[in-house]
Amino acid sequence: MAPMAPISAPGVALTFDDGPGPYTAELLDTLDSYGARATFFDVGENVVARPELVRRQAGAGHEIGNHSWSHPRLTGLGAERLREEIDRTSAAIGEVTGTAPRLLRPPFGEHDERVREAAGMPLIMWSVDPEDWRVRDTAHVTRAVLDRVRPGDVVLMHDIQRTTVAAVPEILRVLSGRGYRFVTVSELYAGPDGGALLPGAVYDRPGGAAPAPAG
């Protein structure tokens, strides 16, 4: 784990995995209404299926990261398939947005030395997991995030879940009232001195510890 100094003002990085999906447009509307930036770890297959949403993510100033092509457990793949899952997704995102992703979140949070080396970019984990992939209940997701979040946290959510997207307005409303800024992962880790994330390094939150693998 490679800790970095947290930003000086209360900041939190909301991150959304597995999209874009059928609820991503609604989520983008909600984020826009609060002037909130987020980070989307998109799946390559979905990038190709819904390129207009990926363009919208980029155009709104959100950060787009690589979440593999088909969401396999990367640690169980051979070298060629591993590279294909990462490179094919980066190429698809680059073709749609004009910019290749600079962050990777491995599916299920699983990585090893081979994955870190193949990534060629920082690996982004998380520090708050409401388990929205398991408990598909809007009230649960809302409470889990609001009860656990602290300045500098990276929150894991999934924009393919309708109940998660429905929770985001209240999360934004309450955290805005607490004085939080909603920033991208790269902004969160930049810190006051403008530091850079390192290729092959693993991050979850400034100064935090690595989480157990999840969804």
Side-chain angles (χ1 to χ4, degrees), residues 1-4 13-21 24 38-51 53-55 57-58 62-129 131-134 154-161 164 184-186 188-190 195-206 208-215:
M1 189 58 58
M4 296 182 71
L14 302 180
T15 69
F16 298 93
D17 288 10
D18 296 355
T24 303
T39 299
F40 290 87
F41 287 97
D42 287 341
V43 171
E45 291 178 334
N46 294 336
V47 170
V48 172
R50 294 183 168 91
L53 291 175
V54 180
R55 281 191 289 268
Q57 289 170 352
H62 303 297
E63 188 165 29
I64 301 175
N66 187 320
H67 198 44
S68 81
W69 181 261
S70 61
H71 206 277
R73 296 183 184 275
L74 297 180
T75 53
L77 302 182
E80 184 175 350
R81 172 83 188 283
L82 172 58
R83 290 278 358 156
E84 180 184 12
E85 285 283 335
I86 297 170
D87 293 348
R88 191 177 179 189
T89 303
S90 289
I93 293 171
E95 182 175 348
V96 171
T97 67
T99 304
R102 290 181 278 187
L103 305 175
L104 172 74
R105 174 172 283 164
F108 311 101
E110 294 185 358
H111 58 88
D112 56 18
E113 185 175 355
R114 293 172 55 253
V115 172
R116 294 189 293 273
E117 182 176 346
M121 60 185 106
L123 276 65
I124 307 300
M125 301 293 117
W126 55 87
S127 53
V128 174
D129 178 8
E131 297 191 333
D132 61 331
W133 52 272
R134 184 177 64 85
V154 177
V155 181
L156 167 66
M157 291 183 281
H158 297 79
D159 53 317
I160 61 169
Q161 301 296 345
T164 296
T184 67
V185 165
S186 291
L188 184 73
Y189 278 96
L197 295 168
L198 303 175
V202 182
Y203 301 86
D204 65 341
R205 77 181 306 281

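FYI, side chains are in, hydrogens and waters are out, and symmetry mates aren't considered; it's all heavy atoms of this structure.
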Measure across Leu103 and Ser186 and return the closest heavy-atom pair with its distance rounded to 0.1 Å. CD1-OG, 4.0 Å

Sequence neighbours left out, what passes ring pair (Phe, Tyr, Trp, His ring centres under 6.0 Å) with Phe41? Give chain and number order. none

Would you indicate whether the side-chain heavy atoms of Tyr189 and Val154 approach each other to under 4.5 Å? yes

Distance-minimising heavy-atom pair for Ala118 and Leu82: CB-CD2, 3.8 Å

Taking all heavy atoms of Val47 and all of Pro20, pick out the closest pair and write down the distance. N-CD, 4.0 Å

For Tyr203 versus Pro122, what's the shortest heavy-atom pair and its separation? CE1-CB, 3.9 Å

Checking Arg105 against Thr15 for the side-chain hydrogen bond (donor to acceptor under 3.5 Å, both in side chains) test, could you report, in this order, the C-alpha distance in whole Å, the side-chain angles of both residues, the deciding distance, and whether it holds? CA-CA 10 Å; Arg105 174 172 283 164; Thr15 69; 2.8 Å; yes

Closest heavy-atom pair, Leu123 versus Ala119, reported as atoms and distance to 0.1 Å, is CD1-CB, 3.6 Å

Distance in Å, Thr24 OG1 paired with Asp42 CG, rounded so as to fall on 0.5 Å steps: 7.5 Å

Can you measure from CD (Glu110) to CE (Met125) and round to the nearest 0.5 angstrom? 10.0 Å

Determine yes or no for a side-chain-to-main-chain donor-acceptor pair under 3.5 angstrom, with Asp17 supplying the side chain and Leu156 the backbone. no

Write down the atom of Arg114, the atom of Leu74, and the distance for their closest heavy-atom approach. NH1-O, 4.4 Å

Using a 3.5 Å distance criterion without hydrogens, assess whether the side chain of Thr39 forms a donor-acceptor pair with backbone atoms of Val185. yes

Got a donor-acceptor contact below 3.5 angstrom from the His62 side chain to the Ala38 backbone? yes

Does Glu117 have any side-chain contact (heavy atoms from CB on, under 4.5 Å) partners at least two apart in sequence or in another chain, and if so, which? none

Check: Gln161 side chain, Asp132 main-chain N or O, donor-acceptor pair, under 3.5 Å: no

Under 3.5 Å, is there a donor-acceptor pair between the side chain of Arg102 and the main chain of Leu197? no

side-chain contact (heavy atoms from CB on, under 4.5 Å) partners of Asp87, counting only residues at least two apart: Arg83

Who pairs with Arg55 by salt bridge (charged side-chain N to carboxylate O under 4.0 Å, His left out), at least two apart in sequence or on another chain? none

For residues 88-97, tabulate all N or O donor-acceptor pairs below 3.5 Å that involve a side-chain atom, not counting sequence neighbours.
| residue | atom | partner | partner atom | Å |
| --- | --- | --- | --- | --- |
| Thr89 | OG1 | Ser68 | O | 3.1 |
| Thr89 | OG1 | Trp69 | N | 2.9 |
| Thr89 | OG1 | Glu85 | O | 2.8 |
| Ser90 | OG | Asn66 | ND2 | 2.9 |
| Ser90 | OG | Ile86 | O | 3.4 |
| Thr97 | OG1 | Ile93 | O | 2.8 |
| Thr97 | OG1 | Thr99 | N | 3.1 |
| Thr97 | OG1 | Thr99 | O | 2.9 |

When rounded to the nearest 0.5 Å, the distance separating CG of Asp159 from CD of Gln57 is 7.0 Å

Val43: which residues meet the side-chain contact (heavy atoms from CB on, under 4.5 Å) condition with it, sequence neighbours left out? Asp18, Glu45, Asn46, His67, His71

